Peer 1: 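Questions regarding the structure given below will be posed in turn.
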Amino acid sequence: MPDTDRETRSAEDAIIEGRRAKAARIRARGENPFANDVQRHGAVEAVGDLRRSVASAERGGKFSPEAVEEIARGRTVHVCGRVVALRSAGGLSFVRIRDRSGEVQLMLDQATLGDRYERLAEVDVGDVVEATGRLTASKRGELSVACTEIRVLTKAFRPLPEKWHGLTDVELRYRQRYVDLIANPPVADVFRARSHVVRATREILEQHGFLEVETPTMHTLIGGATARPFVTHHNTLDMRLFMRIAPELYLKRLVVGGLERVYEIGRCYRNEGISTRHNPEFTMLEFYQAYATYEHLMNFTEVLLRGIDAKLAEAMPEPHAQWKEARPFTLDQPFARVPMERAVAIAAERTAIPEWVAAAQDGGRAVVEVLRADFGERIKDWARSSPRAKKLDWGNLRKGLAKCENEGERLFACYEYLAEPFLGDDYRTDDGARSVPVFIKDYPFEVSPLARRNDARPELTDRFELFVHGRELCNAFSELNDPDDQADRFRAQAEKKARGDEEAMDYDEDYIRALEYGMPPAAGFGMGIDRLVMTLTHSASIRDVILFPLLRPETGQAVR
RNA sequence: GGGCCGAUAGCUCAGUCGGUAGAGCUGCGGACUUUUAAUCCGUAGGUCCCGGGUUCGAGUCCCGGUCGGCCCA
């Protein structure tokens with residue numbers, strides 16, 4: 001029962017109709033409202049280059065018309081961009097356009113343009129225009145192109161969001177990122193920063209002799225991390241495939257193969273919840289270096305992060321200065337290095353719970369022993385001992401400990417609930433103003449199925465994670481290259497899986513075979529690029545650094 | 001998965017005790033030859049997220065749902 005008569009015309013429809021009518025007028029004159037013959041005027045100049053070309057005429061952000069014109073010497077400039085503001089003062093109009101490099105004002109004078117001045121009525125905010133003219137400045141010191149020509153290159157049918165507030169509806173921002181990027185310029189800066197971060201990462205790794213490689217993203221087994229995978233299917237081979245959760249095992253095969261220093265920056269997929277720190281697909285950097293240990297990699301991590309930040313600062317000085325100021329942490333001083341047992345002991349002391357403080361004198365393991373016994377009634381006193389104790393997530397600490405199957409998992413659980421939430425508070429600069437990144441190192445082997453055991457204390461592994469202001473950023477270790485030990489660890493994982501652990505790894509026979517050919521001693525490193533960009537640009541959500549984050553599909557939207 | 005919060009014009013937001021749906025920006029018409037969120041005059045624009053309930057009457061109260069945000073897992 002179609003009911004077309006009931007069709008209502010919304011305000012937006014009316015605007016779109018008006019803009020289509022303007023496009024029709026342009027067509028009626030014999031011009032194309034979707035023209036693609038820009039180059040007939042010669043090369044288009046980036047407005048950022050124009051601005052730089054007359055930089056010496058600038059004083060305190062303002063340009064003097066005489067100084068600009070003297071430098072420009074009447075040369076005709078040719079610019080293209082999107083109209084972001086439109087103001088008319090009668091016979092003189094101002095059009096602000098933006099291209100990838102910045103913004104510039106166009107001045108349109110009725111006396112100069114004559115009849116063509118009226119065509120300005122066909123231009124709306126949001127249109128893409130082309131203009132030619134000579135470089136000058138307005139009386140108020142705004143760098144401007146005094147136009148001899150302007151035309152619509154691309155007519156925008158839909159109106160942009162409100163000019164002052166921009167687009168703030170978070171859902172719309174993610175669903176229509178193209179609008180977000182136009183309406184909210186700082187958003188575009190974050191994605192420019194992301195590109196610089198990835199490039200800087202490549203440059204630094206190349207400098208250190210690493211080879212970039214690409215390994216499969218569709219795996220037949222689950223490995224390299226503990227996470228639930230996405231499952232897919234290959235028709236011809238009638239084979240189940242998993243989207244990779246990590247590239248680790250393939251990269252280490254390449255170390256066996258003699259490439260010695262390899263890295264990959266690529267998409268990984270984890271079939272888990274969505275949060276401000278998790279998107280189902282994300283970008284991971286992993287690198288592997290033969291003849292290095294996790295101690296080397298701690299040093300290199302500091303070099304890498306400072307190097308990336310320095311290159312970002314060089315590429316985007318103004319936004320970087322703002323981000324750096326807003327950061328609650330600093331990269332400028334040596335990162336803290338704390339064994340996990342020590343981190344637990346320190347955290348226990350800070351709770352001021354007498355039993356815990358006493359146990360902490362004998363180290364983190366002793367604290368774990370105290371917690372191993374049932375909390376019983378003591379939990380009431382414990383939880384009230386201090387402001388720090390009140391902040392502990394007691395319910396999950398208890399639940400987490402109950403699930404543990406061994407000493408290593410218990411130490412890790414204690415670390416996770418006692419120490420990790422406070423890393424940003426506990427490791428600070430001398431003046432206390434900012435947090436200092438901290439390497440937590442020497443993880444129990446039971447929670448590190450691919451890491452090499454410590455020679456002196458085989459119940460620990462040569463592994464670290466880096467936390468920047470409490471946010472996990474990197475995970476690295478000396479690689480386990482003993483095929484028999486690795487086979488044992490895989491078996492333990494397979495048993496976990498058989499008991500219903502959906503995040504456990506599969507037994508990878510081919511990987512064991514590779515290790516049996518001999519992998520040189522090596523250390524490997526993983527870092528989430530998304531989280532790194534969040535950290536450096538002081539973004540609150542991973543969705544602010546992923547152009548098109550996963551969202552539920554739109555519902556109830558009629559096809560337009 | 002749980003808790004809290006939100007959804008009203010294209011955008012940003014008000015909407016009192018349940019009683020005719022509001023503003024600014026945008027749009028449209030007009031004035032203005034140096035604007036900078038231009039200004040001034042006029043004018044148009046609504047599936048109040050969806051479904052149900054209570055009521056003489058629901059944007060408002062109740063129930064269910066959808067989508068989103070934040071926090072926790």
Side-chain angles (χ1 to χ4, degrees), chain A residues 3 6-22 61-65 68 83-98 103-114 117-118 120-127 136-147 156-176 179-180 182-184 228 272-278 391-400 403 413 416-417 421 503 540-544 549-558 560:
Chain A
D3 187 7
R6 220 191 117 265
E7 196 173 294
T8 55
R9 212 182 66 142
S10 71
E12 186 176 30
D13 291 337
I15 291 169
I16 291 171
E17 237 170 71
R19 290 181 169 219
R20 284 179 180 277
K22 290 177 186 178
K62 304 223 182 273
F63 290 84
S64 102
V68 168
V83 175
V84 293
L86 200 53
R87 284 182 284 268
S88 168
L92 183 66
S93 291
F94 303 91
V95 178
R96 194 165 182 82
I97 65 165
R98 183 196 298 157
E103 297 183 1
V104 73
Q105 175 168 276
L106 309 179
M107 286 202 292
L108 298 124
D109 183 349
Q110 189 165 34
T112 306
L113 292 169
Y117 187 74
E118 278 142 47
L120 202 54
E122 293 160 1
V123 179
D124 290 300
V125 172
D127 290 354
T136 181
S138 73
K139 280 182 188 165
R140 305 289 276 272
E142 183 79 38
L143 183 65
S144 304
V145 177
C147 294
F157 289 161
R158 288 177 183 271
L160 288 174
E162 204 235 3
K163 62 192 169 193
W164 184 239
H165 299 91
L167 185 67
T168 62
D169 183 306
V170 189
E171 184 179 354
L172 270 185
R173 286 189 43 225
Y174 296 147
R175 286 198 195 280
Q176 301 184 27
V179 179
D180 188 29
I182 298 167
N184 304 319
R228 291 173 63 176
E272 294 170 345
I274 295 176
S275 79
T276 47
R277 292 181 306 281
H278 300 88
K391 277 196 255 174
L392 289 181
D393 185 351
W394 289 95
N396 283 311
L397 168 63
R398 203 171 197 171
K399 250 192 281 176
K403 270 193 292 189
E416 225 177 344
Y417 293 105
E503 295 190 345
S541 168
I542 199 167
R543 290 179 163 189
D544 295 326
L550 186 70
L551 301 171
R552 281 200 169 79
E554 287 179 84
T555 52
Q557 286 288 314
R560 292 185 207 235

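Convention: sequence-line order gives letters A, B, ...; per-chain numbering from 1. From a predicted model like this one, the values you see are computed outputs, not experimental measurements.
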Peer 1: A quick test of your reading: do over 12 heavy atoms of other residues, nucleotides or ligands sit less than 6.0 Å from CZ of A/Arg277?
Peer 2: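 Check fails, neighbour count at 12 or below.
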Peer 1: Give each protein N/O atom lying under 3.5 Å from an N/O atom of nucleotides 70-73 of chain B, with the pair distance.
Peer 2:
unit_1	atom_1	unit_2	atom_2	d
B/rA73	OP1	A/Asp393	OD2	2.4
B/rA73	O3'	A/Asn396	OD1	3.3

Peer 1: Would you name the heavy atoms of A/Leu172 and A/Asp169 that are closest together and state the gap between them?
Peer 2: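 So the minimum-distance heavy-atom pair works out to N-OD1, 3.0 Å.
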Peer 1: Looking for any heavy atom pair under 4.0 Å, which part of the strands does A/Leu160 touch: base, sugar-phosphate only, or nothing?
Peer 2: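 Here A/Leu160 touches no strand at all.
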Peer 1: With rounding to the closest Å, how many angstrom separate the C1' atoms on B/rU60 and B/rA21?
Peer 2: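 Pairwise C1' distance, B/rU60 against B/rA21, rounds to 12 Å.
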Peer 1: Which atom names give the shortest non-hydrogen contact between A/Phe157 and A/Ile16, and what distance separates them?
Peer 2: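 Smallest interatomic distance, heavy atoms only, reads O-CG1, 3.3 Å.
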Peer 1: Regarding A/Leu172, tell me which of base, sugar-phosphate or nothing describes its non-hydrogen contacts under 4.0 Å with the strands shown.
Peer 2: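 Sugar-phosphate contact only.
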Peer 1: Expressed as a whole number of angstroms, how long is the span from A/Asp13:CG to B/rC11:P?
Peer 2: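 From A/Asp13 CG to B/rC11 P: 12 Å.
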Peer 1: Between atom CZ in A/Arg158 and atom P in B/rU26, what is the gap in whole Å?
Peer 2: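 My rounded result for the distance is 20 Å.
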Peer 1: Just call it for A/Lys62: base, sugar-phosphate, or nothing, with non-hydrogen atoms closer than 4.0 Å on any strand.
Peer 2: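 The residue A/Lys62 makes no contact with any strand.
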Peer 1: Watson-Crick or G-U wobble partner for B/rU55, using a 3.5 Å limit on both distances?
Peer 2: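 B/rU55 is unpaired by these criteria.
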Peer 1: Considering only the P atoms, how many Å lie between B/rC56 and B/rU66, rounded to the nearest integer?
Peer 2: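 Straight-line distance between the two P atoms is 32 Å.
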Peer 1: Please check if the side chain of A/Gln176 supplies one atom and the backbone of A/Val179 the other of a donor-acceptor pair under 3.5 Å.
Peer 2: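 Flag not set: sc A/Gln176 to bb A/Val179 has no pair under 3.5 Å.
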Peer 1: Provide the closest heavy-atom pair for A/Ala137 versus A/Pro65 in the form atom of the first, atom of the second, distance.
Peer 2: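 That would be O-CG, 3.5 Å.
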Peer 1: When you measure from the side chain of A/Asp127 to the backbone of A/Ala156, do you find a donor-acceptor pair of N or O atoms at a distance under 3.5 Å?
Peer 2: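 Flag set: sc A/Asp127 to bb A/Ala156 pair under 3.5 Å.
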Peer 1: On a whole-Å scale, what distance lies between the P atoms belonging to B/rG29 and B/rC71?
Peer 2: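 About 47 Å, rounded to a whole number of Å.
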Peer 1: Ignoring hydrogens and geometry, is there a side-chain-to-backbone donor-acceptor pair from A/Tyr174 to A/Leu550 under 3.5 Å?
Peer 2: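 A pair under 3.5 Å: no.
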Peer 1: How is A/Ala183 classified with respect to the nucleic acid when contacts are heavy atoms under 4.0 Å: base, sugar-phosphate, or nothing?
Peer 2: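 No contact.
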Peer 1: In whole angstrom, give me the gap between the C1' atoms of B/rU26 and B/rA73.
Peer 2: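 Those two atoms are separated by 44 Å.
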Peer 1: Among A/Arg96, A/Lys62, A/Gln105, which residue meets the side chain to side chain donor-acceptor pair (under 3.5 Å) test with A/Glu142?
Peer 2: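 That would be A/Arg96; it is the only one of A/Arg96, A/Lys62, A/Gln105 passing the side chain to side chain donor-acceptor pair (under 3.5 Å) with A/Glu142.
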Peer 1: Pick the C1' atom in B/rG10 and in B/rC28, then give their distance to the nearest Å.
Peer 2: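 Taking atom C1' in both B/rG10 and B/rC28, they lie 14 Å apart.
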Peer 1: For A/Phe157 and B/rG27, what is the distance between atoms CZ and P respectively, to the nearest whole Å?
Peer 2: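 Answer to the nearest Å: 17 Å.
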Peer 1: For B/rC70, give its Watson-Crick or G-U wobble partner with both distances under 3.5 Å, or none.
Peer 2: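 Because both required distances fall under 3.5 Å, B/rC70 counts as paired with B/rG3.
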Peer 1: Mind checking the P distance from B/rC72 to B/rA14? Whole angstroms is fine.
Peer 2: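 It works out to 26 Å between them.
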Peer 1: Between A/Gly18 and A/Ser144, which residue's closest nucleotide on RNA chain B lies nearer the 5′ terminus?
Peer 2: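 The residue mapped nearer the 5' terminus is A/Gly18.
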Peer 1: Measure from the side-chain heavy atoms of A/Glu162 and tell me the nearest of B/rC25, B/rU34, B/rG68.
Peer 2: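 Looking only at side-chain atoms, A/Glu162 lies closest to B/rC25.
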Peer 1: Taking CG from A/Asp169 and P from B/rG68, how many angstroms apart are they, rounded to a whole number?
Peer 2: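 Between P of B/rG68 and CG of A/Asp169: 11 Å.
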Peer 1: Collect all protein-nucleotide pairs involving nucleotides 6-8 of chain B in which both atoms are nitrogen or oxygen and the distance is under 3.5 Å.
Peer 2:
none

Peer 1: Can you tell me the base-pairing partner of B/rU47? Count Watson-Crick or G-U wobble geometry only, both distances below 3.5 Å, and say none if there is no partner.
Peer 2: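 None - no nucleotide pairs with B/rU47, as no candidate has both distances under 3.5 Å.
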Peer 1: Within this structure, what is the NZ-to-C1' distance between A/Lys139 and B/rA38, rounded to whole angstrom?
Peer 2: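 Computing the A/Lys139:NZ to B/rA38:C1' distance gives 16 Å.
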Peer 1: Which atoms form the tightest heavy-atom contact between A/Ala540 and A/Thr276, and what is the distance?
Peer 2: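 Closest approach of A/Ala540 to A/Thr276, heavy atoms only: O-CB, 4.0 Å.
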Peer 1: Could you give the distance separating B/rC5 and B/rU47 at their P atoms, to the nearest angstrom?
Peer 2: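 Comparing P positions in B/rU47 and B/rC5 gives a spacing of 28 Å.
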Peer 1: Backbone N or O of A/Ile182 within a donor-acceptor pair of the A/Arg98 side chain at under 3.5 Å?
Peer 2: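 At least one qualifying donor-acceptor pair exists.
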Peer 1: Which atoms form the tightest heavy-atom contact between A/Ala183 and A/Leu167, and what is the distance?
Peer 2: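 Answer, listing the atom of A/Ala183 first, then A/Leu167: CB-N, 4.0 Å.
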Peer 1: Now, which nucleotide makes the Watson-Crick or G-U wobble pair with B/rC40, with each of the two distances under 3.5 Å?
Peer 2: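 Answer to the pairing question: B/rG30, which forms a Watson-Crick or G-U pair with B/rC40.
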Peer 1: Taking CZ in A/Arg228 as the centre, count heavy atoms belonging to other residues, nucleotides or ligands within less than 6.0 Å. Is the count above 12?
Peer 2: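 Count not over threshold, so no.
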Peer 1: Is there a side-chain contact between A/Leu106 and A/Ile97 (heavy atoms, below 4.5 Å)?
Peer 2: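 Yes. Closest side-chain heavy atoms under 4.5 Å.
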Peer 1: With a 3.5 Å limit on both atom pairs, tell me what B/rC13 is paired to, counting Watson-Crick and G-U wobble, or say none.
Peer 2: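 Across any shown strand, B/rC13 pairs with B/rG22.
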Peer 1: Using whole Å, what does the distance between atom C1' of nucleotide B/rU12 and atom CG of A/Asn184 come to?
Peer 2: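 Distance check: A/Asn184 CG to B/rU12 C1' gives 12 Å.
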Peer 1: Find which nucleotide of RNA chain B each of A/Ala111 and A/Glu142 is nearest to by heavy atoms, and output the residue with the more 5' nucleotide.
Peer 2: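 Here A/Ala111 is the residue nearer the 5' end.
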Peer 1: On a whole-Å scale, what distance lies between the P atoms belonging to B/rU20 and B/rC13?
Peer 2: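 B/rU20 and B/rC13 have their P atoms separated by 26 Å.
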Peer 1: Check this one for me: any side-chain N or O of A/Thr168 less than 4.0 Å away from OP1 or OP2 of B/rC13?
Peer 2: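 For B/rC13, OP1/OP2 do have a side-chain N/O of A/Thr168 under 4.0 Å.
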Peer 1: To the nearest Å, give me how far apart CG (A/Asp124) and P (B/rC11) are.
Peer 2: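 Atom CG in A/Asp124 sits about 17 Å away from atom P in B/rC11.
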Peer 1: In whole angstrom, give the distance that lies between atom CH2 of A/Trp164 and atom P of B/rG24.
Peer 2: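 From A/Trp164 CH2 to B/rG24 P: 18 Å.
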Peer 1: Please list each protein N or O that sits under 3.5 Å from an N or O in nucleotides 39-42 of chain B, with the distance.
Peer 2:
none

Peer 1: May I ask you to verify whether the side chain of A/Gln110 and the base of B/rU33 hold a donor-acceptor pair under 3.5 Å?
Peer 2: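 Counting by modelled atom types and ignoring angles, no donor-acceptor contact under 3.5 Å is found here.
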Peer 1: Which heavy atom in A/Gly166 sits nearest to a heavy atom in A/Asn184, and how many Å separate them?
Peer 2: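 Here A/Gly166 and A/Asn184 meet closest at CA-OD1, 3.7 Å.
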Peer 1: Any N or O donor-acceptor pair linking the side chain of A/Ser138 to the base of B/rU36 at under 3.5 Å?
Peer 2: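 Such a pair exists between side chain and base.
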